[in-house]
Amino acid sequence: MPEPSPAATAAPTATTAIPMPAVQRVGLLLTLVLGSLSALAPLSMDMYLPSLPRITVGLHTSDTLVQLTLTACLVGLALGQLVAGPLSDALGRRRPLLIGLALYVLSTAVCAFATDVRVLIACRVVQGLSGAAGIVISRAVVRDLFDGLAAARFASTLMLVSGAAPLLAPVLGGQLLRFTSWRGVFMVLAGLGLVILLASAVLVRETLPAARRRRGGLPDTLRTFRGLLADRLFSGYLLSIAFGFGALFAFIAASPYVVQDLYHGSAQTYSLLFALVETGLVGMSQVTGRLLLGRFPSHRIQLAGVLMLTLSGAVLVLMATVWHAGLTGLTAGLFVMAGSLGVVTPPSSALALQRAPHAAGTASALLGTLQFLTGAIAPALVGLGGQDSALPMAAVILGSALLALGSFVLLCRPWQSVPDPLRT
């Protein structure tokens, strides 16, 4: 028998999740809004990536400090989820969501007028803190509405919607630079945030009834965190996702400089390469959600994903050191790396939230927080290696992949036969 989640067993029976039928209960417009909410973070990071070299010149600063604007946003996204998740379990989903989105719009607009890189870094922290509400609450809403295999498949549907953001954002950012400066890119982001805020106000209804809300305040939240982290399986899913996304963020942070400075590509070339790599993530998430889950044991699917991630990291290191591959070979390796995350993420997220039906917001916060904390560390590690080679990016990708593989194997023990909630 699978180990019970401490967070689940501690919750009173009155808080059992409301059973919901299949995905058709959620309309297309609400699906698009939930996908857009989870896309807010990649939009905030990816649309301005082609602008990084121009920000360096425009603010008369260094590449390292400009890369910290990415790290600052990631730190904000990580810490903000620790606040927004428990708040949504206590106050309901709708109120914290709308407040967070309003602050996101304001802070993004302020980014556009920054005249010093330190001001921009500070604004990016606030942007991440406020934008975190959309990510964590959209995932909690899915857990409110769905269970088991339905939750995993709907998560893959959301990834199709939210995956379009990082797919298109660098392309849009690169094209915007033809007509405006990097400041204009932030103004467009503020406008998109405003549209998502208005759509959420109209379409997102409360999915957590008052009877199911947690009232314990900070002590209860800390107990829930401790209970979740004590759950071996939850921690295994948590760490495999977090370290996996460390590999993705190493690519996100380094690729503008690798493509534009090392390979002398244009901002438009970089944006197209980025879109191609992200296609691997989105495409494999759909294959996993629609074709693999429910047919094969979920632990075997996850193991295949982390093994593929590790292999792609090793190949990228060889490309950067021994083979001296060109841009085409590098893109192929990065495509496989991103695709492997599309295999790991849908089952891992669904199984992790399955372990905490009575604290979906808090569990979602832990998932997102650790994911973005590793994402914040990865760019800093890449930056320490310099910008003269693709090796720092490849090395961080491989290191993250090995940590994801080790965490999953040691904690989830995929060789053990246990009931699979995604196959029932």
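Side-chain polar atoms of Gln127 and Thr108 form a donor-acceptor pair below 3.5 angstrom.
Side-chain atoms of Arg139 come within 3.5 Å of backbone N or O of Ser364 as a donor-acceptor pair. Arg295 contributes a side-chain N or O that, together with a main-chain N or O of Arg290, makes up a donor-acceptor pair within less than 3.5 Å. For Thr374 (side chain) and Gln371 (main-chain N/O), a donor-acceptor pair under 3.5 Å exists by modelled atom type. Of the possible donor and acceptor atoms, none in the side chain of Tyr237 sits under 3.5 Å from a partner among the backbone N and O of Leu353. Side-chain atoms of Thr369 come within 3.5 Å of backbone N or O of Ala365 as a donor-acceptor pair. Remark: the backbone N or O of Met337 is paired with a side-chain donor or acceptor of Ser340 at under 3.5 angstrom. Of the possible donor and acceptor atoms, one in the side chain of Ser285 sits under 3.5 Å from a partner among the backbone N and O of Val282. Checking side-chain atoms of Thr69 against main-chain N and O of Leu65 turns up no donor-acceptor pair under 3.5 Å. Of the possible donor and acceptor atoms, none in the side chain of Ser107 sits under 3.5 Å from a partner among the backbone N and O of Cys123. Side-chain atoms of Arg124 come within 3.5 Å of backbone N or O of Ser44 as a donor-acceptor pair.
In this structure, the separation between NE2 on His299 and CG on Leu303 is 10.0 Å, given to the nearest 0.5 Å. To the nearest 0.5 Å, the span separating CG on Leu97 from CZ on Arg95 amounts to 12.5 Å. Taking OG of Ser51 as the reference point, atom CH2 of Trp182 lies at 9.0 Å (rounded to 0.5 Å). Once rounded to the nearest 0.5 Å, the distance linking CG of Leu197 with OG of Ser36 reads 12.5 Å. The distance from the OG atom of Ser200 to the CZ atom of Arg205 is 11.0 Å, given to the nearest 0.5 Å. In this structure, CZ in Arg54 is found 4.5 Å from CG in Leu177, a value given to the nearest 0.5 Å.
Residues Val66 and Leu59 form no side-chain contact, since every pair of their non-hydrogen atoms from C-beta on lies 4.5 Å or further apart. Annotation: side chain of Leu351 is in contact with side chain of Gln302 (closest heavy-atom distance under 4.5 Å). In this structure, the side chains of Val33 and Val202 stay at 4.5 Å or more apart for every pair of heavy atoms. At a threshold of 4.5 Å between non-hydrogen side-chain atoms, the residues Tyr270 and Leu49 count as touching. Contact of the Pro96 side chain with the Ile137 side chain is registered, since non-hydrogen atoms from C-beta on lie closer than 4.5 Å. Using a 4.5 Å heavy-atom cutoff, the side chains of Pro53 and Gln260 are in contact. Contact check for Leu309 versus Val344: no side-chain heavy atoms found under the 4.5 Å cut-off. Looking at heavy atoms from C-beta onward, Ile196 lies in side-chain contact with Leu37 at the 4.5 angstrom threshold.
Using a 30° and 60° split on the angle between ring planes, Phe245 and Phe249 fall in the tilted class, from 30° to 60°.
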Open item on the list: Let's go through Val258 and Phe251 carefully: what are the C-alpha distance in whole Å and the side-chain angles of both, what is the deciding distance for side-chain contact (heavy atoms from CB on, under 4.5 Å) to 0.1 Å, and is it a yes or a no?
Closed with: CA-CA 9 Å; Val258 170; Phe251 156 70; over 6 Å; no
TODO: Please test Leu316 against Leu334 for side-chain contact (heavy atoms from CB on, under 4.5 Å), starting from the C-alpha separation and ending with a verdict.
DONE: CA-CA 8 Å; Leu316 285 167; Leu334 291 168; 3.8 Å; yes
Task: Candidate pair Val136 and Ser88, rule side-chain contact (heavy atoms from CB on, under 4.5 Å), full reasoning - done: CA-CA 9 Å; Val136 67; Ser88 75; 5.8 Å; no
TODO: Could you walk me through whether Leu273 and Leu330 pass the side-chain contact (heavy atoms from CB on, under 4.5 Å) test, one step at a time?
DONE: CA-CA 10 Å; Leu273 177 147; Leu330 188 72; 5.9 Å; no
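Closest non-hydrogen pair, Asp420 versus Phe296, comes out as OD2-O, 4.2 Å. Nearest heavy atom pair, residue Ala253 against residue Pro379, reads CB-CB, 3.4 Å. Considering all non-hydrogen atoms of both residues, Ala363 and Leu228 come closest at CA-CD1, 3.8 Å. The two atoms that bring Ile301 and Pro347 nearest to each other are CG2-CG, 4.4 Å, heavy atoms only. For the pair Arg94 and Val204, the tightest heavy-atom approach, listed with the atom from each and the gap, is NH1-O, 2.7 Å. Nearest heavy atom pair, residue Ser255 against residue Phe274, reads OG-CD1, 4.3 Å.
Between Phe113 and Phe186, the ring centre distance reaches or exceeds 6.0 Å.
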